[in-house]
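For the numbers below, each heavy atom of this structure counts, side chains included, while hydrogens, waters and symmetry mates do not. Along the sequence shown, residues are numbered consecutively beginning with 1. Keep in mind the model is a prediction, meaning the values are calculated, not measured.
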Amino acid sequence: MAAVELTEETKQQVERIGSADVVVGIAGAVSPEELVPRAERILQEMGSAVSSLRFVFAWPGRMPENSRPASAENAPLTLLPFPPPPPAEFWAGVSANQRAVLGLAASLNARVCIVLGSDLAALDARAIQLLAYGILERQCGLVMPIYPTAKYDGLINSGVLAPLSRALYGRRVRFPLVFDFAVSGALCASLSRDTPAERGGNGLLWPVTVASTQHAQLAVGQVHIDVHHKPATAGLELSAVLGQLAGSLFQEMDLCASHWQRVRGSLPTPIWGSGGEDLPDGQPVDPQPMLDTFQLGSRNLDEVWRLILPPNSLLELRRLARLAPDQFQMPDALWASIVYDFGLAWRLRTISRGHLLGALTPIYLGWAASYVREVSSLNHAAAEQRLEQLARVWEEKKPYLLSRWRWPDRFHP
């Protein structure tokens, strides 16, 4: 994905503004008639806390009619629309807008850049204040949100993205791929230039990966924000969602191998904000349809799995496929090693990458069914502890990944 080209008009607006303290950017098309009054109201609500800061609100779109143009005067709020990138798959399009916002912030020498989702769920005075606080007061280079989630929500994140990112890069970040985050001026330029699509990736932006590999000296923090985003993947098949997200992280895994092979263990990240300890458990989930898909995959995909997985893992999957539903439980170590093996197969192009990621989906659903069964009787806090236990196992299995990555032909247990 090439960098977003700004129009001459936008470049002139950036020159007139000169600089900004805080750039708040929206990573998707929004209505300026909704955005502008909400932005003005937010600054009024924050009052003296931001009275000395100059804010620029940027979004892909047009300037609303009868609005004031960008200027270098000491107005607390300046508006800066920019041209949207070419159409792309959902997450890739979001990432292109994120990079455009970060590039604008770098051009304005902003101290803080806050990137928000296009549904404007985080366009809230409290959320913006907490995100900016982590950069300005806690001296973090990157601040990632922790969203309030029920125990069955976001299982792709909980079961794949978060533990894999943590094991690879050594940062304990609960949501490594998000709509909302804040970065310091020092990180804006690097994130805006990070374009894995030009190196064979699909364009998704992984802020934690860039911070860990290119700016390891910068602190990463997390903040609890009471934000509930609308499901962005509604209407998409699970295999497509898992394929795009896991495939992107596998691509980063390949590109950053020289870094993560030196990382051992993980570091805690400072967390602030109220965590909402009394979250509801969410609607009950029936694991049987997920188990049915796993069983179907075990019958139809055995030859494909044999190309990707070592014999021990295949034997374990066959054993699981013979279990009664009330006895089904996928061990954490098996699940971690399977995802590691799929990441290796992605690197080696053992089979086509589309077929590879499709073959992962039934195994993922087997893990999800196992997790749902296990936490069904646990409260929210206990379920969170269960996810922490899972992440630690991924770290413990990292030597297995290292051995297979370095000697894929020799190490095949």
Can you pull out every salt bridge (Lys or Arg N to Asp or Glu O under 4.0 Å) where at least one residue sits in residues 257-272? Sequence neighbours excluded, please. none

With sequence neighbours excluded, residues passing ring-ring contact (aromatic ring centres under 6.0 Å, His included) with Phe57: none

Find out whether Leu53 and Val112 are in side-chain contact, i.e. whether some heavy atom of one side chain is under 4.5 Å from a heavy atom of the other. no

Check step by step if side-chain contact (heavy atoms from CB on, under 4.5 Å) holds for Val160 and Phe342. CA-CA 12 Å; Val160 183; Phe342 270 79; over 6 Å; no

Indicate yes or no: does Asp332 engage Arg386 in a salt bridge with an N to O separation below 4.0 Å. yes

Test applied, side-chain contact (heavy atoms from CB on, under 4.5 Å); reference residue, Phe55; option that passes from Ile114, Val22, Ile42: Val22

What I'd like to find out is whether the side chain of Tyr169 reaches to under 4.5 Å of the side chain of Val210, using heavy atoms alone. no

Can you find a heavy atom in the side chain of Arg404 that is under 4.5 Å from one in the side chain of Pro310? yes

Taken in chain and number order and not counting sequence neighbours, the residues that satisfy ring-ring contact (aromatic ring centres under 6.0 Å, His included) with Trp305 are none

Crowding at CZ, Arg347 (>12 non-hydrogen neighbours, <6.0 Å): yes

Suppose the criterion is ring-ring contact (aromatic ring centres under 6.0 Å, His included): which pairs have a residue in residues 112-133, not counting sequence neighbours? Tyr133-Trp272

How close do Ala368 and Met290 get, counting heavy atoms only, and between which atoms? CB-SD, 3.7 Å

Look at the side chain of Ser248 and the backbone N and O of Gln244, then say whether any donor-acceptor pair between them is shorter than 3.5 Å. no

Show every salt bridge (Lys or Arg N to Asp or Glu O under 4.0 Å) that has at least one partner inside residues 102-125, sequence neighbours left out. Asp21-Arg111

Taking every heavy atom of Val183 against every heavy atom of Cys188, the minimum-distance pair comes out as CG2-SG, 3.6 Å

So Phe328 and Leu320, side-chain contact (heavy atoms from CB on, under 4.5 Å) or not? Walk me through it. CA-CA 6 Å; Phe328 187 91; Leu320 288 171; 3.7 Å; yes

Residue pair Ala127 / Val227: nearest heavy atoms and the distance that separates them: CB-CG2, 4.5 Å

With sequence neighbours excluded, residues passing side chain to side chain donor-acceptor pair (under 3.5 Å) with Gln261: Arg406

For the side chain of Ser165 and the backbone of Ala162, is there at least one donor-acceptor N/O pair under 3.5 Å apart? no

Can you tell me how far the CG atom of Leu334 sits from the CG atom of Leu317, to the nearest 0.5 Å? 5.5 Å

Show me, pair by pair, the donor-acceptor contacts under 3.5 angstrom made by side chains of residues 354-361, not counting sequence neighbours?
residue: His355; atom: ND1; partner: Ser352; partner atom: OG; Å: 2.5
residue: Thr361; atom: OG1; partner: Leu357; partner atom: O; Å: 3.4

Less than 4.5 Å apart, any side-chain heavy atom of Ile17 and any of Arg54? yes

Between Ser370 (side chain) and Met330 (backbone), is there a donor-acceptor pair under 3.5 Å? yes

Would you say the side chain of Arg171 lies within less than 4.5 Å of the side chain of Met144, judging by non-hydrogen atoms? no

Between Gln13 and Pro81, which heavy-atom pair has the shortest distance, and what is it? OE1-O, 3.9 Å

Given side chains that start at C-beta, do those of Pro362 and Leu296 come closer than 4.5 Å, heavy atoms only? no

May I have all residue pairs that pass side chain to side chain donor-acceptor pair (under 3.5 Å) and include part of residues 172-184, sequence neighbours excluded? Tyr147-Asp180, Ser158-Arg174, Arg172-Ser266, Arg174-Glu384, Asp180-His229

Are Leu177 and Asn157 side-chain neighbours, meaning at least one heavy-atom pair lies under 4.5 Å? no

Flag the pair Phe175 / Pro145 as yes when at least one side-chain heavy-atom distance between them is below 4.5 Å, and no otherwise. no

Measure from the side-chain N and O atoms of Ser107 to the backbone N and O of Gly103, and report whether any donor-acceptor pair falls under 3.5 Å. yes

Please give me the minimum heavy-atom distance between Leu187 and Ala211, naming the atom from each residue. CD2-CB, 4.2 Å

At their closest point, which heavy atom of Ala125 faces which heavy atom of Met46, and how far apart are they? O-SD, 3.8 Å

Quick check for you: to the nearest 0.5 Å, what is the distance between Ile271 atom CD1 and His224 atom NE2? 5.0 Å

Sequence neighbours excluded, every pair satisfying ring-ring contact (aromatic ring centres under 6.0 Å, His included) that has a member inside residues 15-43: none

Could you tell me which residues satisfy ring-ring contact (aromatic ring centres under 6.0 Å, His included) with Tyr340, sequence neighbours excluded, listed by chain and number? Trp394

Main-chain N/O of Arg373 paired to Ser376 side chain as donor or acceptor, under 3.5 Å: yes

With sequence neighbours excluded, what pairs up with Arg392 under the salt bridge (Lys or Arg N to Asp or Glu O under 4.0 Å) test? Glu388

Quick one: does any side-chain atom of Lys398 pair with a main-chain N or O of Ala167 as donor and acceptor, under 3.5 Å? yes

Any residue meeting side chain to side chain donor-acceptor pair (under 3.5 Å) with Ser239, in chain and number order, not counting sequence neighbours: none

Rounded to the nearest 0.5 Å, the OG atom of Ser95 sits from the CG atom of Leu191 at a distance of 11.0 Å

Quick one: CG on Leu43 to CZ on Arg38, what's the gap to the nearest 0.5 Å? 13.0 Å

Show your reasoning for whether side-chain contact (heavy atoms from CB on, under 4.5 Å) applies to Glu396 and Val393. CA-CA 5 Å; Glu396 293 166 2; Val393 172; 4.3 Å; yes

Per side-chain contact (heavy atoms from CB on, under 4.5 Å), Leu168 is matched among Val208, Leu401, Thr209, Val263 by Leu401

Derivation and outcome, side-chain contact (heavy atoms from CB on, under 4.5 Å), residues Val30 and Leu120: CA-CA 8 Å; Val30 296; Leu120 303 184; 3.8 Å; yes

Begin with the C-alpha distance, continue with both residues' side-chain angles, and end with the deciding distance and a verdict on side-chain hydrogen bond (donor to acceptor under 3.5 Å, both in side chains) for Glu316 and Asn312. CA-CA 6 Å; Glu316 278 293 298; Asn312 286 351; over 6 Å; no

Roughly how far, to the nearest 0.5 Å, is OG of Ser313 from CG of Leu315? 9.0 Å

Roughly how far, to the nearest 0.5 Å, is CG of Leu249 from CH2 of Trp346? 10.5 Å

